[in-house]
Amino acid sequence: MKTLHKLLLFVLSFFLSNVQAQNLDMKFWKKNDSTLIAFGMITEQSLNTLKKEDLQNIKEFIVTSSGGEVHAAAEIGLIIFEHNIKVIVSDYCFSACANWIFLPAKQKALLSNAALGFHADITSQFDLVRTELRISHGDPEKNPFLIGEKSAKSLFAKARISPTIYREMASKTSFAPPSIIMSVKTEQGQVEEYELTGNEENDLNLYSKYEKATVISYHWKGRIENAYWFPSKAELMAFNVSGIQEYYFPANFKEVENLEKTYGIHLIGEWEK
């Protein structure tokens, strides 16, 4: 299985560099009547494409992805969960792919020399993001972050995964408590920056002050760039993650270094020396 999958990816990478391929919208193709292969970034477009696939006989979903949009990933995860499709990672599954496709699946496998990675992101700091949303976005029914939060929480509830795993992701991949730095343009035309910390009183005061401001940009503070938490099977099970049928975990630092070199990332975990 893994050899064929790598051959298919090689054919794709013959036309595109690895970095370019990772940034493509997720594409799907059938290996056979029961196996669907997915490769690329998770977007609304890839979600819409998957919805058009006939999944009635699909038993396995082989995924390779560096992540993507929360709402799209959670919706894909829900489709896989409800169809009881086994998720298989034979290369890498990071960020939204790990959170919303791998974790909730009723059956899952991480094959030999594959990498799984979680990091501090929007899902680990919903309280911060909720304040930011009230400031910067209009109709909550059309807001992708609020929709993503709703989809993600619903999926974790159905899969019975402890939501405290969000905080674990944040603590493992942050050098300081994560916060959001907002850059806005006020009604008077001035550009200002402020920091959302998750402190309710502080953030509500900022909401009142900048309610009518226009957001220019925002970014996370405190996150270790390009770092991913690669938990052991036991660590995942401690958060009620179930259905793990096969789970590769680096046996030593040498294996970790090989993964980091292959995928250009920094992995954090409890490795054997």
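Since the structure is predicted, the reported quantities are computational estimates derived from the model, not experimental observations.
Aromatic ring centroids of Y228 and F118 lie 6.0 Å or more apart. With ring centers used as reference points, F249 lies under 6.0 Å from F230.
Salt bridge K172/E168: present, at least one basic N to carboxylate O contact under 4.0 Å.
The main-chain N or O of L267 is found under 3.5 Å from a side-chain atom of E260 such that the two form a donor-acceptor pair. When atom types are taken as modelled, the side chain of N226 and the backbone of G264 share a donor-acceptor pair closer than 3.5 angstrom. No donor-acceptor pair under 3.5 Å is formed between the side chain of E255 and the backbone N or O of N252. With K86 contributing its side chain and A105 its backbone, the two residues share no donor-acceptor pair below 3.5 Å. Although no hydrogens or angles enter the test, the distance criterion places a donor-acceptor pair under 3.5 Å between the side chain of E69 and the main chain of E44. Although no hydrogens or angles enter the test, the distance criterion places no donor-acceptor pair under 3.5 Å between the side chain of S46 and the main chain of I42. Under a 3.5 Å cut-off, the side chain of T35 and the backbone N or O of K31 do not form any donor-acceptor pair.
F28 is not listed as a side-chain neighbour of I37, based on a closest heavy-atom distance of 4.5 Å or more. A 4.5 Å side-chain heavy-atom check between K30 and E53 finds at least one atom pair inside the cut-off. Side-chain contact between L78 and E82: present, with at least one pair of heavy atoms (C-beta onward) separated by less than 4.5 Å. The shortest side-chain heavy-atom distance between L55 and L50 falls under the 4.5 Å cut-off.
Closest of all the heavy-atom pairs between A213 and T186 is CB-CA, 4.3 Å. Closest non-hydrogen pair, A114 versus Y248, comes out as O-CD2, 3.2 Å. Considering all non-hydrogen atoms of both residues, L103 and F156 come closest at CD1-CZ, 3.8 Å.
Applying side chain to side chain contact (heavy atoms under 4.5 Å, CB included) to L36 and the options I58, I80, V63 leaves one that passes, I58. Each of Y247, Y92, W229 was scored for a side chain to side chain contact (heavy atoms under 4.5 Å, CB included) with L116, with one residue passing: Y247.
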